[in-house]
Amino acid sequence: MEGWQPILRSFGRKGGWGTALAAGLLVLGGCGDENSTGSSSDTSYLVGTSVPVNYNDSANVSQPTGVHPYGTSASKIPDEDLAAKSSGATEQTPAQIATGDSNDTYSDNTSGLITAGTLDGWMNDWANNKPSGISGDLVILEVMDGASYASDGSYSSGGIYFQKDTGNGAGNNVRTYVVSPSEVSETRNNGVVDTVSMVLSEPSMNDFMAKYNIDPANDMVVVAMGNGGGFANMVMGRIWYALRYWGAPAGHLGILNGGATYHNNVGDFSAANIQTNTNPGSVVTGHYNPSIADGSVSSAPTAAGDLPEANMQLMISYGELLKMVAKGVGVPTGGMFIWDVRRAEEFYGLEDQGRGYAFEGHIKGAHWLPYSDLLVPDQGWRYLDKSHLKSKIDGLGYSSGETVITHCVTTYRAMVSGIASSVVLGYPTRLYDGAWIQWGTMAYHMNKQGTYNLPKDSPWRADIAEASRWINYDPNATDSTSSSSSSSNDSVSVPAQGCGG
């Protein structure tokens with residue numbers, strides 16, 4: 001059992017004793033046997049000996065439209081992405097993708113997690129201060145600038161912006177843009193179901209790089225927050241993830257540690273490099289760069305498929321993870337360390353999240369630590385110092401050589417844990433990009449449309465004791481093709497199948 005301390009601590013927050021007692025979720029048992037042997041076949045290995053109770057069961061209903069319950073693979077992503085890479089790209093392992101760990105002092109880094117002082121120095125004189133191996137521009141992609149935008153892209157108030165320093169010879173070699181969160185993920189099919197918020201496909205990645213005229217093979221790309229925050233860190237991570245996944249060298253990617261608003265307030269930036277309370281249209285290289293927005297740049301200098309590395313193992317697919325967890329097939333030589341960064345109420349299935357998936361709970365063997373424990377809110381939402389991040393993760397029971405596999409509901413929160421483990425600590429790391437919104441959908445459960453997400457004998461079910469713990473079905477589940485909602489209804493009494501451990 002993963003321990004009672006996290007769940008006890010959770011009762012002091014949202015949900016509390018009332019939610020837990022109302023849902024009746026502290027009942028153990030009824031999980032069945034746990035097979036340790038079986039075929040590694042994609043279509044036969046997963047039907048286990050435990051058959052969870054379906055509390056909304058009824059006779060013979062159809063499958064949701066668009067689901068392929070007997071698909072021969074649930075790893076369409078990233079397999080198709082790997083196939084799209086050029087023959088000259090080097091396929092990297094998770095350990096190689098991590099490329100060693102950060103300096104103990106982040107100010108000594110010239111890639112990965114960098115400080116405001118480092119970025120400020122680059123902006124002041126990029127020609128003479130650029131890191132070794134960089135021949136192109138400094139491109140700053142800013143998220144969460146603090147301005148208020150309407151749906152048509154117009155603004156009603158200003159934010160905080162980076163700008164190139166034209167006074168110190170930077171010229172056109174420093175370019176800054178404000179990036180929308182919607183630009184860095186898309187809905188994709190994994191071979192069985194559609195999943196929201198997945199890594200960009202090759203065409204979408206090419207469009208993204210063309211829009212901002214990014215050549216990751218030559219440019220230095222720094223992702224930064226205007227207004228710092230937890231979500232802003234997540235979006236920075238999604239940009240880093242997309243670029244790294246498609247092959248941008250680690251030395252060509254930087255992540256500003258902490259928001260620009262905080263750093264500007266404490267004097268970390270030169271006055272010429274930051275504009276505050278400014279309308280986006282008046283920023284020198286601000287919200288839109290005309291040469292990109294008007295379509296005059298039609299493609300990135302280096303396409304995603306031609307970037308030098310093939311880093312698709314940064315993602316772990318549903319099919320691959322399911323085999324590892326349920327049957328021990330394909331577990332890395334050094335072992336795996338599954339890290340769930342959702343709230344305790346989510347981890348232990350104590351709330352109906354109202355997100356449309358079939359059941360609440362967590363992946364068998366997962367360790368729990370919320371992403372928010374890795375950040376310092378009152379200092380621009382920066383990451384903890386390296387030694388403190390190491391103590392947090394190692395304190396969960398991480399052993400040297402294990403591959404970290406991290407996720408949340410949509411792998412936004414897990415971008416923070418992924419950056420901490422891969423970029424800062426250098427641990428082999430894979431992101432389960434399908435996340436719980438996918439895992440919790442893969443179930444034999446009648447949804448409110450009157451259909452089953454998967455049939456009882458589907459090889460892709462996650463709602464078995466071999467694969468999941470604290471399996472609690474959601475009576476408000478939607479089918480896998482319906483739009484998910486962010487609303488929550490804590491008063492719903494979710495039937496309990498208490499699978500502790």
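Worth saying up front: this structure is predicted, and the values here are computed from it rather than measured. Scope of the values below: all heavy atoms of this structure, side chains included, with no hydrogens, waters or symmetry mates.
Closest approach of Ile393 and Phe337 over heavy atoms only: O-CZ, 4.3 Å. Across Asn227 and Ala232, no two heavy atoms sit closer than the pair O-CB, 3.8 Å. The minimum heavy-atom distance linking Tyr245 with Pro78 is given by the pair OH-CB, 2.9 Å. The nearest pair of heavy atoms linking Ile363 to Trp439 is CG1-CE2, 3.6 Å. Across all non-hydrogen atoms, the minimal contact from Ser317 to Ser75 is OG-OG, 2.7 Å. Nearest heavy atom pair, residue Arg342 against residue Trp368, reads O-NE1, 2.7 Å.
By the 4.5 Å heavy-atom criterion applied to side chains, Gln313 and Gln92 are not counted as neighbours. Side-chain contact between Val222 and Val139 is absent, with no heavy-atom pair separated by less than 4.5 Å. Val221 places none of its side-chain heavy atoms less than 4.5 Å from the side chain of His252. With a 4.5 Å cut-off on side-chain heavy atoms, Glu91 and Leu82 count as touching. Taking 4.5 Å as the limit, some side-chain heavy atom of Leu425 sits within range of a side-chain heavy atom of Lys386. Side-chain contact check for Met198 versus Ile77: some heavy-atom pair is nearer than 4.5 Å. Looking only at side-chain heavy atoms (C-beta outward), Leu138 and Asn173 stay at 4.5 Å or farther from each other. In this structure, Met220 and Thr110 have side chains that are not in contact, with every pair of non-hydrogen atoms separated by 4.5 Å or more.
For Ser468 (side chain) and Ala462 (main-chain N/O), a donor-acceptor pair under 3.5 Å exists by modelled atom type. A donor-acceptor pair is defined here as one N or O able to donate and one able to accept, closer than 3.5 Å; such a pair exists between the side chain of Glu402 and the backbone of Ser399. A donor-acceptor distance shorter than 3.5 angstrom exists from the side chain of Asp433 to the backbone of Val199, with no hydrogens or angles considered. Listed for the Ser417 side chain is a donor-acceptor partner under 3.5 Å among the backbone atoms of Ala414. Remark: side-chain polar atoms of Asn129 are paired, donor with acceptor, to backbone N or O of Gly121 under 3.5 angstrom. A distance-only check finds no donor-acceptor pair linking the side chain of Trp240 to the backbone of Val223 [under 3.5 Å]. A donor-acceptor pair is defined here as one N or O able to donate and one able to accept, closer than 3.5 Å; no such pair exists between the side chain of Thr118 and the backbone of Ile114. Looking only at distances, a side-chain donor or acceptor of Asn311 sits under 3.5 Å from a matching main-chain atom of Arg244. Without hydrogens or angle criteria, His263 side chain to Gly117 main chain gives no donor-acceptor distance under 3.5 Å. Under the 3.5 Å distance criterion, the side-chain polar atoms of Asp120 are left unmatched by any main-chain donor or acceptor of Ala116.
How far CH2 of Trp381 is from CG of Leu374: 11.5 Å, rounded to the nearest 0.5 Å. Leu314 contributes atom CG, which lies 12.5 Å from atom CH2 of Trp246 (distance to the nearest 0.5 angstrom). To the nearest 0.5 Å, atom CD1 of residue Ile437 and atom OG1 of residue Thr410 are 6.5 Å apart. Separating the CG atom in Asp137 from the CG atom in Asp219 is a distance of 5.0 Å, to the nearest 0.5 Å. In this structure, Thr276 OG1 and Asp145 CG are separated by 12.5 Å, a value rounded to the nearest 0.5 Å. Taking CD1 of Ile97 as the reference point, atom CG of Leu431 lies at 9.5 Å (rounded to 0.5 Å).
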Please walk me through it: do Lys392 and Leu369 pass side-chain contact (heavy atoms from CB on, under 4.5 Å)?
CA-CA 8 Å; Lys392 289 276 189 183; Leu369 182 72; 4.1 Å; yes
Stepwise side-chain contact (heavy atoms from CB on, under 4.5 Å) check, Thr411 with Met234
CA-CA 9 Å; Thr411 306; Met234 300 173 207; over 6 Å; no
For side-chain contact (heavy atoms from CB on, under 4.5 Å), just list the numbers for Val376 and Tyr383, CA-CA rounded to whole Å, side-chain angles, deciding distance to a tenth of an Å, and then say yes or no.
CA-CA 6 Å; Val376 184; Tyr383 282 83; over 6 Å; no
Evaluate the side chain to side chain donor-acceptor pair (under 3.5 Å) criterion for residues Ser135 and Asn218: first the C-alpha distance (whole Å), next the side-chain angles of each, then the deciding distance (0.1 Å), finally the verdict.
CA-CA 5 Å; Ser135 60; Asn218 298 298; 3.3 Å; yes
Could you please spell out the steps behind the side-chain contact (heavy atoms from CB on, under 4.5 Å) verdict for Met236 and Met225?
CA-CA 7 Å; Met236 286 201 301; Met225 303 181 287; 3.5 Å; yes
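Side chains of Asn109 and Ser102: a donor on one and an acceptor on the other come within 3.5 Å. Using modelled atom types and a 3.5 Å distance limit, the side chains of Tyr432 and Arg430 yield no donor-acceptor pair. Side-chain atoms of Ser107 and Thr105 include no donor-acceptor pair closer than 3.5 Å. Side chains of Thr429 and Ser421: a donor on one and an acceptor on the other come within 3.5 Å. Side-chain atoms of Asp194 and Thr187 include no donor-acceptor pair closer than 3.5 Å. In this structure, a donor-acceptor pair under 3.5 Å is absent between the side chains of Asp104 and Ser387. Remark: the Gln438 side chain and the Thr195 side chain contain an N/O donor-acceptor pair separated by less than 3.5 Å. With no hydrogens or angles considered, a side-chain donor-acceptor pair links Asp394 and Tyr427 at under 3.5 Å.
Remark: Arg238 is positioned above the aromatic ring of Tyr412, its terminal NZ or CZ atom under 6.0 angstrom from the ring centre and at most 45 degrees off the axis.
Lys85 and Glu202 are not joined by a salt bridge, as no carboxylate oxygen comes within less than 4.0 angstrom of a charged side-chain nitrogen.
For Trp436 and Phe359, the ring centers are positioned less than 6.0 Å apart. Between Phe162 and Phe269, the distance separating the two ring centers is shorter than 6.0 angstrom.
Ring planes of Trp470 and Tyr348: perpendicular class, angle over 60° (limits at 30 and 60°).
With Phe347 as the fixed residue, the side-chain contact (heavy atoms from CB on, under 4.5 Å) test singles out one of His362, Arg469, Glu360, His367: His362. Under the side-chain contact (heavy atoms from CB on, under 4.5 Å) rule, Tyr371 has a single partner from Ile419, Asp340, Val341, Thr406, which is Val341. Each of Glu183, Arg188, Glu186 was checked for a side-chain contact (heavy atoms from CB on, under 4.5 Å) with Ser204, and the lone residue meeting it is Glu186.
Heavy-atom contacts from other residues, nucleotides or ligands closer than 6.0 Å to NZ of Lys390 number 12 or fewer.
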